[in-house]
Amino acid sequence: MVVSDEIAMDRDIPDTRNPECPHWQYPEDLPTTSVVIVFHNEGFSTLMRTVHSVIDRSPPQFLKEVLLVDDFSDKAALKEPLEDYISRWGSKVRLIRNKERAGLIRTRTTGAEEAKGEVVLFLDAHCEVNRNWLPPLLAPIYRDKYTMTVPVIDGVDHDTFEYRPVYGAGSNFRGIFEWGMLYKETELPPEIERSREHQSEPYKAPTHAGGLFAINREYFLSLGAYDPGLLVWGGENFELSFKVWQCGGSIEWVPCSRVGHVYRGFMPYNFGKLAEKKKGPLITINYKRVIETWFDDKYKEYFYTREPLARFLDMGDISKQLELKERLNCKSFHWFMENVAYDMLRKYPELPKNIHWGELRSAATSRCLDTMGHSAPSFMGVAHCHGFGNNQLIRLNAEGQLGVGERCIDADGQGIKLIFCRLGTVDGPWQYDEQNHVMLHKRIGKCVALHPQTYQLSLMPCDPINNYQKWTFNQFVPK
Ligand code: UD2
Ligand code: MN
C-alpha cells in the first residue's frame with residue numbers, strides 16, 4: 001500500500017500483448033458490460049487504480065458501469081473518502097455495501113444480481129487492465145452467449161508494483177488442477193496447438209484461476225450463479241467451470257486481453273465469523289461440495305485419496321446443487337475429462353489407493369515425520385505429533401509413493417527429502433514392512449532411520465530390532 005500510494009492512479013503500463021493483437025477486428029455492437037469488483041479492506045489507491053485503468057482503457061460504449069461491492073470493510077478510508085472519490089465518475093461507478101461479511105463468493109453473486117450490463121466481468125480489487133482489454137473478452141460472448149472468457153493474468157509485484165508479463169507473448173497456457181484441487185496451468189496440448197491459425201486467438205480451457213472473467217449475466221444467473229453454500233474463498237472457480245462445461249457452455253482464454261493482478265505475499269484478512277463455526281479447513285469444505293456435486297464416483301476417490309481428511313468434513317446440504325445438475329441435464333465428469341481436460345491425466349494420472357495414511361510416528365521418540373513447513377526441495381524432519389494433519393499427513397500408495405500434500409518423499413545419501421513429484425507418475429520407491437514397522441527404500445535397499453541424538457533422518461542398513469527405525473502410521477480424524 002505504501003508503494004501503491006506513491007504511484008499515479010492512471011500510470012502507463014507495458015503493453016504485454018502478442019504483436020498480432022492490434023490487428024484483430026471486433027464487432028461494433030458488442031454487449032454492454034458491468035465490471036464488478038468485490039473488496040474487503042483493500043488498499044484505497046490499489047482499488048482506485050483498478051477503477052481508473054478500467055475507465056481509461058475500455059471503450060465507453062461497452063462499459064455500462066463499474067460496480068464496486070464492499071464486503072463489509074471496516075477501514076475508514078473505504079467509507080466517505082471512497083464515496084467522495086468515485087463521485088467524479090457520476091453513475092459510471094456505483095458502490096453497494098454488504099450489511100455483514102459475506103465472503104468474496106457470495107459477494108460476487110450479489111454483484112451479478114445488481115449489475116445492469118448484459119455481461120458481468122469480475123475483477124479483483126488490485127488489478128490494472130491493459131491496452132484494449134475489453135473487446136477481445138466480449139467478442140466470444142457476442143458470438144455465443146454460453147461462452148465465458150478469461151484474460152491472461154500478468155503480475156504486479158507486491159513490493160514494487162512493477163507490472164510484469166506472466167510469460168512471453170508467444171506462449172499460451174490453460175488452467176487445470178491436480179487431484180487435491182490445487183489450481184495449475186499447463187502448456188496448450190498439441191491437439192489444440194495444431195488446430196490454431198494464430199498464436200493470439202482464443203482457445204478452450206478446462207478451468208481458470210477464479211478472479212478475472214466475463215460471462216453473460218443472465219446465463220450466469222441461470223446457472224444459479226455460484227453455489228451459495230460455498231464459503232468465503234476458494235473452489236468457486238472449479239464450481240463455475242465444471243458447471244459451465246458440463247451443462248453445455250464453454251470457457252475460452254483470450255491471449256489478447258491482459259490484466260495485471262497483485263499476487264500478495266500472504267493473505268491479509270481473516271475469514272471472520274464465517275469460519276468460526278466450521279470444523280476443518282474451510283477451503284477443503286468448499287472443494288468437497290464441488291467434487292461431491294460435479295465429479296463421478298471414480299474421480300471423487302482420487303480427491304479423497306489425495307486429501308484423506310476431506311471425507312470427515314461436513315460440507316452441508318448439496319441437494320439443491322444436485323437438483324440443478326439434473327434440471328440442466330448436465331453431462332458427466334467423465335465426459336469433461338475425455339473432451340475438455342484430456343491433457344490433465346498426462347500430468348496428474350489417476351491415483352492408486354492409499355495403503356496407509358496418517359501421521360508417521362517414530363516408535364523410539366513418538367515424534368512424527370514432518371515437512372517442517374519447508375517447501376520442496378528440502379529435508380524432512382521430525383516434530384512433536386500434533387494430530388492436525390497438514391505437514392504431518394503422510395500417505396503411502398499402492399505403488400510405493402510416499403506423499404505429503406501435493407509433494408513426494410524420496411531419499412538419497414544425504415537424507416530423507418521432500419521433492420516435487422515426477423509429473424505424470426504416481427509410483428515411488430517405498431515399501432512398508434507391516435511386521436517390523438520399517439520403511440524400506442527399495443531402490444537403495446535401506447530403511448528410514450532417526451538419529452538418536454540429533455533427530456536427523458537418513459537411510460541406514462535395515463535393522464528390524466532398532467527402535468529408531470520403527471515407524472507406525474496413525475490415522476486420525478480432523479480436530
Ligand atoms: C484467487 C482469485 C480470486 C478468487 C480466489 C479464490 C485471481 C487473480 N484471484 O485468489 O479472485 O477467485 O482465488 O476464491 O484469480 N474479498 C472479499 N471478501 C472476502 C475476501 C476477499 O470481497 O471475504 C475480495 C478481495 O478484496 C479481492 C477478491 O475478493 O478483491 C479476491 O480475493 P483475493 O485477492 O484475496 O484472492 P486471490 O487473488 O488470492
Ligand atoms: Mn487477488
Side-chain angles (χ1 to χ4, degrees), residues 1 4 35-51 54 66-75 77-78 82 95-112 120-129 148-158 161 166 173-175 177 181-185 205 207-215 225-227 230-241 251 253 257-276 278 281-287 289-290:
M1 282 169 56
S4 174
V35 172
V36 174
I37 302 171
V38 307
F39 65 96
H40 174 76
N41 283 345
E42 294 273 345
F44 182 85
S45 64
T46 323
L47 174 61
M48 285 301 100
R49 187 175 296 104
T50 309
V51 179
V54 170
V66 177
L67 179 58
L68 302 173
V69 193
D70 176 11
D71 186 15
F72 208 58
S73 302
D74 53 19
K75 280 163 65 166
L78 298 172
L82 180 62
L95 171 66
I96 56 178
R97 300 195 195 262
N98 287 346
K99 297 211 167 49
E100 57 182 354
R101 180 86 180 273
L104 84 93
I105 303 173
R106 291 173 188 167
T107 306
R108 276 200 204 138
T109 297
T110 305
V120 281
L121 199 166
F122 295 100
L123 293 180
D124 278 9
H126 32 259
C127 289
E128 277 174 283
V129 303
M148 69 176 255
T149 54
V150 182
V152 171
I153 309 178
D154 286 328
V156 175
D157 188 288
H158 63 77
F161 271 66
V166 56
F173 289 80
R174 59 182 210 154
F177 51 93
M181 304 313 285
L182 295 177
Y183 175 75
K184 302 286 173 187
E185 290 184 2
T207 187
H208 69 131
L212 288 44
F213 66 96
I215 189 166
Y226 288 118
D227 165 8
L230 294 175
L231 302 160
V232 194
W233 190 103
E236 88 294 342
N237 54 331
F238 300 127
E239 196 248 345
L240 184 61
S241 302
I251 302 175
W253 281 35
S257 180
R258 312 269 298 214
V259 178
H261 169 263
V262 185
Y263 290 98
R264 285 168 308 211
F266 62 96
M267 198 171 249
Y269 47 78
N270 60 39
F271 289 175
K273 283 209 204 76
L274 291 159
E276 269 167 25
K278 284 288 158 185
L282 184 143
I283 298 165
T284 314
I285 295 178
N286 283 355
Y287 294 156
R289 280 186 79 84
V290 175

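Because the structure is predicted, anything quoted here is derived from the model rather than measured. Start at 1 and go down the list; that is how both ligands and their atoms are numbered. Note that the numbering runs from 1 along the sequence shown for the chain.
Under 2.8 Å from the Mn ion (ligand 2) lies an N/O/S atom of H261, whether from backbone or side chain.
The protein heavy-atom contact nearest to atom 23 (O) of ligand 1 is R101 NH2, 2.7 Å. Nearest protein heavy-atom neighbour of atom 32 (O) of ligand 1: Y269 OH, 3.5 Å. Counting protein heavy atoms only, atom 4 (C) of ligand 1 is closest to E236 OE2, 3.5 Å. Among protein heavy atoms, atom 31 (C) of ligand 1 sits closest to D124 OD1, 3.4 Å. Closest to atom 39 (O) of ligand 1, if we only count protein heavy atoms, is W233 CZ2, 3.7 Å.
In terms of N/O distances under 3.5 Å, ligand 1 is approached by G211. Between V38 and ligand 1, at least one pair of N/O atoms sits closer than 3.5 Å. The N/O atoms of G234, backbone and side chain alike, include one that comes under 3.5 Å of an N/O atom in ligand 1. The distance criterion of under 3.5 Å between nitrogen or oxygen atoms is met by R264 with respect to ligand 1. Backbone and side-chain nitrogen or oxygen atoms of G235 are examined, and none is located within less than 3.5 angstrom of a nitrogen or oxygen of ligand 1.
Interatomic distance, L230 CG to N286 CG, rounded to the nearest 0.5 Å: 4.5 Å. Put simply, CG on L212 and OG1 on T149 are 11.0 Å apart, with the number rounded to the nearest 0.5 Å. One distance of note links CZ of R49 with CZ of F44; it measures 11.5 Å at 0.5 Å rounding. How far CE of M181 is from OG1 of T207: 8.0 Å, rounded to the nearest 0.5 Å.
At distances below 3.5 Å, not a single donor-acceptor pair connects side-chain atoms of E128 with backbone N or O atoms of H261. Panel note: side chain T50, backbone C127; a donor-acceptor pair is recorded below 3.5 Å. Between the side chain of S257 and the backbone N or O of P151, no donor-acceptor pair lies under 3.5 Å.
Contact record, V232 with R101: CG1-NH2, 4.3 Å, taken as the closest heavy-atom pair.
Counting heavy atoms under 4.0 Å from ligand 1, residue E42 touches it through the side chain alone. Contacts between R108 and ligand 1 below 4.0 angstrom, taking non-hydrogen atoms only, involve the side chain exclusively. Within the 4.0 Å heavy-atom criterion, neither part of V69 lies near ligand 1.
Applying the salt bridge (Lys or Arg N to Asp or Glu O under 4.0 Å) test to R106 and every residue at least two apart in sequence or in another chain returns nothing.
In this comparison of V259, V232, L104, T107, the heavy atom closest to atom 29 (O) of ligand 1 sits on L104. Comparing L47, D71, N98, L123 by heavy-atom distance to atom 18 (N) of ligand 1, the nearest is D71.
Per-residue contacts place A125 under 4.0 angstrom from the following atoms of ligand 1 (heavy atoms of the residue considered): 30 (O). Taking every non-hydrogen atom of H126 and a distance limit under 4.0 Å, the qualifying atoms of ligand 1 come out as 27 (C), 34 (O). Residue contact check: H261 has heavy atoms under 4.0 Å from atoms 8 (C), 38 (O) of ligand 1.
Taking the centre and axis of the six-membered ring of F122, the NZ or CZ atom of R108 falls inside the cone set by 45° and 6.0 Å.
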Trace of the side chain to side chain contact (heavy atoms under 4.5 Å, CB included) decision for D71 with V38: CA-CA 7 Å; D71 186 15; V38 307; 5.7 Å; no
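A donor atom on one side chain and an acceptor atom on the other are not found under 3.5 Å apart for H208 and N237.
To the nearest 10 degrees, the Mn ion (ligand 2) sees NE2 of H126 and OD2 of D124 at an angle of 110°.
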